[in-house]
S.K.: 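Below is one structure. I have some questions about it.
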Amino acid sequence: MNAPAIPMTFKCRAHDAVHDAQLRRNFRGAMDFLMAKRAAQFPDGDELERLRSFGNAVRARALSKLPELLERLETNLTRNGVKVHWAETVDEANAIVHDIVRAHEARQVIKGKSMVSEEMEMNHYLEGHGVDCLESDMGEFIVQLGNEKPSHIIMPAIHLNAGQVASLFHDKLEVDYTEDVDRLIQIGRETLRRKFYEADIGVSGVNFAVAETGSLLLVENEGNGRMSTTVPPVHIAVTGIEKVVENLRDVVPLLSLLTRSATGQPITTYVNVISGPRKAEELDGPQEVHLVLLDNGRSQAFADSELRQTLNCIRCGACMNHCPVYTRIGGHAYGTVYPGPIGKIITPHMLGLEATKDLPSASSLCGACGEVCPVKIPIPAILRRLREENVRAPDDEPRHMRGQGSKYSRAEGLAWKGWRLLNTSPRLYRLFNLAATRLSALTPPKLGPWTEHHSAPKAAPRSLHELAREHLGED
Amino acid sequence: MSAKERILAKLGRSLAGTTPIADDYDQALVTTPWTYAPEQRIPRLRELLEAVHGETHLTTTDGWPARVVDALSARGIDELLISPDTPHGQQFAAHIAAIGKSVRLKSYDRPVEAWKDELFFGTPASLTGTLGGISATGSLILWPTTAEPRLMSLVPPLHIALLKASEVYDNLYSVLQAQSWAEGLPTNALLVSGPSKTADIQQTLAYGAHGPKELIVLILEDA
């Protein structure tokens with residue numbers, strides 16, 4: 001899919017997605033599968049609730065001393081021989097990566113899965129500088145081959161079925177058409193093994209950065225994460241500043257919550273703990289390890305104690321798997337790196353509310369995301385909060401968000417003030433009721449977007465209050 | 001100001017007047033549900049490993065080399081990457097010499113750069129030790145060393161791992177404590193729970209993604 005010539009709004013994309021029967025089937029099947037897998041991993045509801053509270057406490061504790069932990073992390077990583085870089089923006093982060101690439105005259109970069117590198121659009125950036133940047137996670141590889149973006153943070157190619165992948169491989173890799181998934185994976189394996197072998201630099205994300213030991217912990221099933229962080233002579237890890245935890249033991253509950261919530265596994269095939277580059281006597285591993293710590297709007301969320309909880313996220317994807325909106329429109333409709341409920345509450349900090357103003361309202365507030373979140377982020381409450389920030393007057397102080405008031409309208413503000421007056425003054429309310437019931441014939445037949453899919457509301461001839469009074473014999 | 005100073009200043013300002021949350025780590029929550037009777041530890045570990053296509057065998061300190069030979073010949077493999085600097089590597093080399101079987105032994109005795117091509121495209125199987133196992137999740141613990149480097153358990157399509165029964169722990173928390181991980185980690189520490197896999201195409205599980213296609217765990221019951 002190439003970038004559309006005219007930027008489509010969220011509503012256009014969602015409209016198209018909802019009418020794409022194949023996409024709907026692919027997502028429905030995938031979400032049902034992931035929800036069932038997760039549920040099977042948490043047979044004991046009490047254990048789950050206690051563990052979620054524990055996960056929340058571990059994350060909240062880390063955030064409550066974040067500056068100190070980041071400094072401790074840097075000190076310990078530096079002691080271990082890892083070079084730490086800091087970036088406020090994605091441009092700064094890309095420039096840091098590019099400097100490392102240039103210093104090594106690297107031509108080929110192989111990437112393990114990293115959502116932060118998606119935030120940075122690192123592939124695009126490096127390609128613009130003549131550097132090949134190849135995805136090695138099977139899902140990411142498929143998505144890159146199709147010139148698409150990931151549609152899910154854990155399963156990037158979830159919007160495609162085996163037949164679609166078969167066609168893609170047949171067209172792009174010039175292999176015989178096969179829908180046999182084992183064969184397709186072997187084709188991917190053979191193609192990418194050569195690339196691991198050749199790559200000058202490996203890039204990865206980080207699941208948990210441990211301040212206590214100066215370690216980067218990565219979870220994965222495929223082995224591409226281990227390949228990317230072990231085979232090339234240079235490893236660059238990129239991560240958000242919120243990913244740090246205080247102690248190694250803090251990883252224990254988070255790891256259990258992460259793998260069980262994400263893919264319904266007791267553990268992933270590999271848990272990879274990296275604490276430095278190759279030592280003099282060692283025979284493999286990168287000679288250099290770098291960590292890029294990226295802010296990109298996270299410090300804005302951090303500044304407000306309610307919004308800060310957004311940064312508890314351990315990127316399991318359970319919120320999207322359980323979201324009725326995500327299931328129906330898929331990941332691409334959001335138009336953002338992080339789709340689904342977590343995307344709706346983190347992206348406004350990255351891009352500002354102007355560019356993301358439709359996201360907080362793209363929710364039925366059913367609460368499923370908040371109920372399954374393994375670290376208890378109150379996503380529905382934060383969505384409501386962002387809706388407020390969207391409609392606060394742009395110059396209202398204190399200001400919490402870039403793009404505050406992006407949906408602000410004086411007329412709407414006045415209408416709600418009138419509504420409040422009406423509902424807090426009994427006399428006015430009665431008068432309004434009388435007018436609405438007796439003059440119901442005058443109700444306009446079209447009421448904006450509402451009447452696109454619903455009939456216009458019409459008041460009953462007599463209000464419930466009137467009927468109740470009559471019933472009780474009052475006047 | 002550097003990016004680091006600006007980020008830390010912003011975060012610091014946001015925390016002004018707050019106190020850090022105390023560490024009330026509840027270890028019972030991550031141990032009690034994951035504690036097993038000694039006789040259950042190995043059955044559980046095997047069950048979980050086999051559920052993800054790991055192959056497990058109960059054997060002994062003297063019997064395992066024959067199991068390795070069987071596994072290789074069943075697959076038509078005639079060479080194996082071992083470390084001559086470990087007791088198990090030496091034991092296997094002696095076993096091969098004694099039975100006169102033609103298994104070619106290779107050792108990872110030089111930096112990867114010196115033989116990357118052969119490692120990647122001409123090494124079908126490897127044998128490594130482990131630092132133990134974890135019953136709760138069906139995992140092996142590996143701390144790669146100079147004798148058994150990181151890629152030894154990753155690149156060859158078949159990985160055979162030795163696990164001493166006495167080193168099977170209940171859960172990850174007990175491993176971190178018993179092996180004092182926080183006091184000093186190696187360059188790379190790993191938990192390995194099966195052969196490499198992916199469900200990235202239509203949620204269909206396929207084994208042999210980028211790492212080993214097969215994992216055989218030989219459990220030494222008398223060790």
Side-chain angles (χ1 to χ4, degrees), chain A residues 30 33 47 50-51 54 60-61 64-67 70 86-88 92 138-139 155 157 161-162 165 181-182 184-186 189 192-193 197 212-213 215 221-224 226-227 230 241 247-249 252-253 266-267 269-276 278-279 281-285 295 299 302-303, chain B residues 2-4 6-8 10-15 18 20-21 23-26 29-30 33 48 52 108 110-112 116 120 136-139 146 149-151 154 172-173 176 181-182 185-204 206 208-212:
Chain A
F33 171 82
E47 191 253 348
R50 284 196 297 268
L51 198 58
F54 195 5
R61 167 159 50 86
S64 80
K65 39 182 123 169
L66 184 60
L70 284 168
W86 302 67
E88 279 191 288
E92 284 176 30
M138 290 292 182
M155 308 190 92
N161 62 28
V165 176
V181 171
D182 282 316
L184 290 169
I185 292 299
Q186 288 312 304
R189 176 188 172 99
L192 287 163
R193 190 154 268 235
Y197 174 86
E212 177 187 31
T213 55
S215 306
N221 285 309
E222 295 185 0
N224 68 307
R226 286 180 66 193
M227 286 280 196
T230 314
I241 50 172
N247 299 315
L248 185 61
R249 65 180 189 170
V252 178
I267 196 164
T269 305
Y270 302 115
V271 175
N272 181 7
V273 185
I274 296 166
S275 305
R278 184 192 306 198
K279 294 193 178 82
E281 71 280 10
E282 289 172 346
L283 301 180
D284 59 17
D295 180 345
S299 56
F302 189 80
Chain B
S2 66
K4 173 185 171 182
R6 281 194 299 270
I7 291 170
L8 290 177
K10 264 192 275 183
L11 298 179
R13 270 198 306 278
S14 303
L15 288 179
T18 66
I21 296 173
D23 184 358
D24 53 354
Y25 196 97
D26 185 353
L29 267 178
V30 286
L48 285 171
V52 289
Y108 199 148
R110 52 212 185 279
V112 61
K116 202 172 176 184
F120 267 70
T137 50
S139 310
T146 302
R150 295 165 72 171
L151 293 176
L154 181 65
L172 178 57
Y173 185 83
L176 300 188
W181 283 39
L185 282 166
T187 303
N188 187 214
L190 296 162
L191 303 180
V192 174
S193 310
S196 83
K197 64 179 185 290
T198 183
D200 272 356
I201 301 179
Q202 208 180 322
Q203 304 92 54
T204 307
H210 294 297

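All chains are named by letter (A, B, ...) in the order of the sequence lines, taking the proteins before the strands, and each is independently numbered beginning at 1. These numbers come from the heavy atoms of this one structure, side chains and all, not from hydrogens, waters or symmetry mates. Quantities reported herein were computed from a predicted structural model and do not represent experimental measurements.
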S.K.: For the residue pair B:V112 and A:T230, establish whether any side-chain heavy-atom pair is separated by less than 4.5 Å.
M.R.: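 No, every pair of side-chain atoms sits at 4.5 Å or beyond.
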S.K.: For A:E212, which atoms come within 4.5 Å of any heavy atom of chain B: side chain, backbone, both, or neither?
M.R.: side chain
S.K.: Testing the basics here: between B:L185 and A:S215, what is the closest heavy-atom pair and its distance to 0.1 Å?
M.R.: CD1-OG, 3.3 Å
S.K.: Below 4.5 Å, heavy-atom pairs only: which of A:V165, A:D182, A:L184, A:N161 has the largest tally toward chain B?
M.R.: A:N161
S.K.: Tell me which of these, A:L248, A:I241, A:N247, has more heavy-atom pairs under 4.5 Å with chain B than the rest.
M.R.: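 Highest number of pairs under 4.5 Å: A:L248.
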S.K.: Measure distances from A:A162 to the heavy atoms of chain B and classify the residue's part below 4.5 Å as side chain, backbone, both or neither.
M.R.: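 For A:A162, the contact with chain B is made by backbone and side chain together.
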S.K.: Heavy-atom distance under 4.5 Å to chain A: side chain of B:P149, backbone, both or neither?
M.R.: both
S.K.: Taking side chain as C-beta onward, heavy atoms only, is B:L15 less than 4.5 Å from A:P67?
M.R.: yes
S.K.: Name the option with the most non-hydrogen atom pairs under 4.5 Å to chain A; the candidates are B:L8, B:L172, B:L154.
M.R.: B:L154
S.K.: Against chain B, label A:L70 side chain, backbone, both or neither, depending on which of its atoms sit under 4.5 Å from a heavy atom there.
M.R.: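 Contact with chain B is through the side chain of A:L70 alone.
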S.K.: Heavy atoms only, distances under 4.5 angstrom: which of A:E88, A:R50, A:M155, A:R226 has the most pairs with chain B? Name it, please.
M.R.: A:R226
S.K.: Who wins among A:K65, A:E282, A:R278, A:R193 for the most heavy-atom pairs under 4.5 Å with chain B?
M.R.: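 So the answer, after comparing A:K65, A:E282, A:R278, A:R193, is A:R193.
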S.K.: So, do B:V30 and A:F54 sit near enough that their side-chain heavy atoms are less than 4.5 Å apart?
M.R.: yes
S.K.: Counting heavy-atom pairs closer than 4.5 Å to chain A, which one of B:P186, B:G138, B:S2, B:G208 comes out on top?
M.R.: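 The candidate making the most pairs under 4.5 Å is B:G208.
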S.K.: Sort B:L151 into side chain, backbone, both or neither according to what part of it lies under 4.5 angstrom from a heavy atom of chain A.
M.R.: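 Looking at B:L151, backbone and side chain both touch chain A.
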S.K.: Heavy atoms only, distances under 4.5 angstrom: which of B:A206, B:P111, B:A189 has the most pairs with chain A? Name it, please.
M.R.: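 When all of B:A206, B:P111, B:A189 are compared, B:A189 has the most.
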S.K.: Heavy-atom pairs under 4.5 Å with chain A are the metric here; pick the option from B:D24, B:I201, B:D26 that has the most.
M.R.: B:I201
S.K.: Grab the two heavy atoms, one from B:L176 and one from A:R249, that are nearest each other, plus how far apart they are.
M.R.: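 Minimum heavy-atom separation between B:L176 and A:R249: CD1-CA, 3.9 Å.
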S.K.: Name all residues meeting the side-chain hydrogen bond (donor to acceptor under 3.5 Å, both in side chains) criterion together with A:S299; count only those two or more places apart in sequence or in a different chain, and write none if there are none.
M.R.: A:D295, B:K10
S.K.: Which residues satisfy the side-chain hydrogen bond (donor to acceptor under 3.5 Å, both in side chains) test with B:S139, sequence neighbours excluded?
M.R.: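 Partners of B:S139 by the side-chain hydrogen bond (donor to acceptor under 3.5 Å, both in side chains) criterion, ordered by chain and then number, come out as B:T137, B:S193.
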S.K.: Donor-acceptor pair, B:N188 side chain versus A:S275 backbone, under 3.5 Å?
M.R.: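 Such a contact is absent between B:N188 side chain and A:S275 backbone.
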S.K.: In terms of heavy-atom pairs under 4.5 Å with chain B, which of A:N272, A:I274, A:T213, A:V271 leads?
M.R.: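 The residue among A:N272, A:I274, A:T213, A:V271 with the greatest pair count is A:V271.
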S.K.: Which region of B:R110, side chain (C-beta onward) or backbone (N, CA, C, O), has a non-hydrogen atom less than 4.5 Å from a non-hydrogen atom of chain A, or is it both or neither?
M.R.: backbone
S.K.: Can you tell which part of B:P212 gets under 4.5 Å to a heavy atom of chain A, answering side chain, backbone, both or neither?
M.R.: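 Both the backbone and the side chain of B:P212 come within 4.5 Å of chain A.
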S.K.: Please find the pair of heavy atoms, one from A:Y197 and one from B:K116, that lie closest to each other, and give the distance.
M.R.: O-NZ, 2.7 Å
S.K.: Could you tell me whether the side chain of B:T146 and the main chain of A:E281 form a donor-acceptor pair under 3.5 Å?
M.R.: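 Checked: pair present.
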S.K.: Determine the option with the most heavy-atom pairs under 4.5 angstrom with chain A, choosing from B:L48, B:T18, B:V192.
M.R.: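 Greatest number of close heavy-atom pairs with chain A: B:V192.
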S.K.: Are the side chains of B:S196 and A:Y270 in contact, using a 4.5 Å heavy-atom criterion?
M.R.: yes
S.K.: Heavy atoms only, distances under 4.5 angstrom: which of B:Q202, B:R150, B:R13, B:R6 has the most pairs with chain A? Name it, please.
M.R.: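 Of B:Q202, B:R150, B:R13, B:R6, B:R150 has the most heavy-atom pairs under 4.5 Å with chain A.
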S.K.: Measure the spacing between NE2 of B:H210 and CD1 of A:I185 and express it to the nearest 0.5 Å.
M.R.: 8.0 Å
S.K.: Which answer fits A:E47, side chain, backbone, both or neither, if we ask what part of it has an atom under 4.5 Å from a heavy atom of chain B?
M.R.: side chain
S.K.: When you compare the side chains of B:Y108 and A:D284, does any donor N or O come within less than 3.5 Å of an acceptor on the partner?
M.R.: yes
